[in-house]
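These notes concern the structure reproduced below.
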Amino acid sequence: MFNKRVKIKQLLTNGVAGEQVTVMGWVRTFRNNQFIALNDGSTNNNLQVVATLGEYDDAILKRLTTGASIKVTGVIVESVGKGQTLEVKATTLEILGDSDAEKYPLQPKKHSLEFLREKAHLRFRTNTFGSVFRVRHALAFAVHQFFNQKGFVYLHTPIITSSDAEGAGEMFRVTTLPLEGAPKNEDGSINYKEDFFGKSTNLTVSGQLEGELGAMAFSEIYTFGPTFRAENSNTTRHLAEFWMIEPEMAFHDLEDNMNLAEEFIKYLIKYVMDNNKEDLEFLAQRLAEEEKQLPQDKRSELGLIEKLEFVLNNDFQRITYTEAIDILRESNHNKKKKFQYPVEGWGVDLQSEHERYLVEKHFKKPVILTNYPKEIKAFYMRQNDDGKTVAAMDILAPGIGEIVGGSQREERLDKLEQRMKEMHIPAEDLSWYLDTRRFGAVPHAGFGLGFERMVLFVTGMTNIRDVIAFARTPNNCEF
RNA sequence: UCCUCCUUAGCUCAGUUGGUUAGAGCAUCUGACUGUUAAUCAGAGGGUCCCCCGUUCAAGUCGGGGAGGGGGAGCCA
């Protein structure tokens, strides 16, 4: 009967000396032929199980190798040794699964993140990844709690889509047609009428357009699901498969949108600080250790927890694109020609070095950039009265860059159609979308938050492949 | 896709101006010890120096090509 066991986190917090317990988990280390450090994933803190000398066969003790799984019954006692207050004195010890010490890759020592990335199926058993994925879980839970409390409806937008007009990125094609000898049209192109859906289909790059349909009925919806981009991006902050949260709200303008996004990010941070203190402390220490390797000027000014507290307790800096260009152009950094790409004219997109300068050097806090030139933004963003800019907003976070991208949407049918024509987006493909502007259109807004980027920010990890269980990146689809 | 750095034992790394038998710590195995905290002590085993080609009397070390990985850029969330 497995369910009678107590989880180690529970035992260490609420265990009472003298209590009889059953615990199960994986051996982290076995010291002195007597002390088992046992972990079951509920916390990074191991339970010390004491196998009193002489009470167990050598044959059993030999099998207490790193990675082996065991079942222990015993009595909670106050620890004689330092390092823990409670421990369990074993009365029975059962090996559930052996782990060949010569073959098990994880040792009781520090491993590089690169090595563990190749052992992604086992890395959950390390302290770092234990903490990262418990925090990831907490953030996912907090996402739902936040929107649920506000009365948003969780809308499941499709994963397979025939919509290819959104233009958010390169798409993965979904087809059941054979690669060799696919049915052809007379002009030699592939005849998708023969395909599973009778048309060309892809994995979604965004649920936004479908999300807007929901917002036009429920007032406020959000999506939280996987998203796919076939971009050949090889960076520490891009994945081919990632999770995105996309709220979409009727009766919201750009300012409401910014307010919600800022409140949302702070809520997520607060939730983890309240509920995952131990994990954050471990991750903070890990980050501090890692940064010791870096030269002084590359280290963070604040520790992980101080950084999160700072973000929580300060307003995000809100400036327009035009103001940002002015700040950058007038900066000493620019005048001394320290930017690789000098800031000159109005109208071009900011380089990541410019974003980093604004966030990390100039304001030293998250920045919300608004009202970008319409030429560098998507067709659905609401056109401002100046005729040059759109009601877009990006939130830039220290160390991560763009964490949120959003906008007030263009609700005026004529303006939207005109913009689509300018950008060569065929209106017939999106007639369902345009219906929201034909029947009871309202001002509305929304944004997308990259979930893994949020996990990066909160955990202080620096590579996005280390905050998703099994990363999909160009040339890599293991597990 | 572009730029750049790296690849030596299971892991993390050292290896001198090219030179004879390639090292350390940890891990593993054997033994000792026993209230340990990544236990400690003694001993042992463990190498296609990423791959291919070239230069040389001689290549882990130099040159060319390839593969894998890290970091940065672009694209974006």
Side-chain angles (χ1 to χ4, degrees), chain A residues 28-38 45-54 58 61-62 65-67 77-84 87 89 99-119 126-127 166-170 205-208 226-246 261 293-294 298 340-341 349-356 376-378 394-397 400-406 447-457 462-466 468 473-476 478:
Chain A
R28 284 284 174 86
T29 67
F30 181 42
R31 287 185 293 269
N32 222 344
N33 233 11
Q34 196 178 172
F35 302 105
I36 304 161
L38 191 68
N45 296 317
N46 299 323
L47 173 70
Q48 173 149 293
V49 174
V50 183
T52 307
L53 286 170
D58 273 4
L61 298 181
K62 282 259 181 255
T65 53
T66 302
V77 293
E78 285 179 20
S79 181
V80 181
K82 290 171 196 158
Q84 60 280 316
E87 62 192 21
K89 189 177 180 314
S99 172
D100 185 339
E102 289 195 68
K103 292 185 183 140
Y104 187 61
L106 303 184
Q107 300 157 15
K109 61 166 278 189
K110 196 181 161 91
H111 288 104
S112 67
L113 295 174
E114 291 81 10
F115 173 72
L116 292 170
R117 221 169 274 156
E118 290 175 12
K119 310 275 178 244
T126 64
N127 285 335
E166 212 262 341
E170 291 294 313
V205 293
S206 162
Q208 182 202 314
T227 309
F228 308 87
R229 306 261 168 105
E231 305 285 352
N232 190 9
S233 303
N234 294 287
T235 78
T236 53
R237 54 192 189 282
H238 288 87
L239 291 164
E241 175 181 294
F242 65 99
W243 289 66
M244 188 152 65
I245 295 133
E246 295 181 288
Q293 317 290 321
L294 298 174
K298 297 241 173 165
Q340 199 185 337
Y341 299 90
D349 212 348
L350 298 178
Q351 304 287 321
S352 39
E353 60 172 342
H354 302 145
E355 297 180 349
R356 273 208 313 276
I376 58 174
K377 288 292 179 185
D394 284 0
I395 302 185
L396 310 177
I400 313 283
E402 188 176 340
I403 194 165
V404 161
F447 62 86
L449 176 131
F451 186 57
E452 282 76 18
R453 290 188 182 175
M454 190 67 206
V455 182
L456 275 182
F457 186 73
T462 49
N463 192 317
I464 202 161
R465 292 161 207 168
D466 294 330
I468 189 165
T473 53
N475 270 315
N476 180 13
E478 294 299 312

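Just so we're on the same page: letters track the sequence lines, and every chain starts at 1.
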Residues two or more places apart in sequence or in another chain: which of them pass side chain to side chain donor-acceptor pair (under 3.5 Å) with A/N234?
A/N232

A/N33: partners by side-chain contact (heavy atoms from CB on, under 4.5 Å), with sequence neighbours left out
A/F30, A/L61

Donor-acceptor pair present, A/H238 side chain and B/C76 base, under 3.5 Å:
yes

In chain order, what residues pass the side-chain contact (heavy atoms from CB on, under 4.5 Å) check against A/F115, with sequence neighbours excluded?
A/P105, A/H111, A/S112, A/K119

Determine whether a donor-acceptor pair (one donor, one acceptor, N or O, separation below 3.5 Å) exists between the side chain of A/N46 and the base of B/U37.
no

Kindly indicate whether the side chain of A/E87 and the base of B/G35 share any N or O donor-acceptor pair separated by less than 3.5 Å?
yes

For each nucleotide in nucleotides 25-31 of chain B, reading 5' to 3', give B when a protein heavy atom comes within less than 4.0 Å of its base, S when such contact involves only the sugar-phosphate, and - otherwise.
BBSSS--

Just to be sure I follow the notation: if a pair is Watson-Crick (purine N1 to pyrimidine N3 plus N6-O4 or O6-N4) or a G-U wobble (N1-O2 and O6-N3), each under 3.5 Å, what dot-bracket string does RNA chain B give, with | for pairs to another strand?
(((((((..((((.....[...)))).(((((.......))))).....(((((..]....))))))))))))....

Could I get the full list of side-chain contact (heavy atoms from CB on, under 4.5 Å) partners for A/N127, not counting sequence neighbours?
A/R28, A/N44, A/F282

Quote, to the nearest angstrom, the C1' distance that separates B/G47 from B/G15.
14 Å

Short side-chain N/O contact to B/U36 OP1/OP2 from A/R31, under 4.0 Å
no

Set of side chain to side chain donor-acceptor pair (under 3.5 Å) partners for A/T65, sequence neighbours left out
none

Stacked pair A/F242-B/A77, distance under 5.5 Å, angle under 30°
yes

Residues forming a side-chain contact (heavy atoms from CB on, under 4.5 Å) with A/A397, sequence neighbours excluded:
A/I400, A/I403, A/F457

Is there a donor N/O on one and an acceptor N/O on the other, under 3.5 Å, for the side chain of A/S233 and the base of B/C75?
yes

Would one find a side-chain N or O of A/T236 under 4.0 angstrom from OP1 or OP2 of B/G72?
yes

For A/Q84, give me all partners under side chain to side chain donor-acceptor pair (under 3.5 Å), at least two apart in sequence or on another chain.
A/S79

Of the nucleotides B/U1, B/C11, B/G70, which has the atom closest to the A/R465 side chain?
B/G70

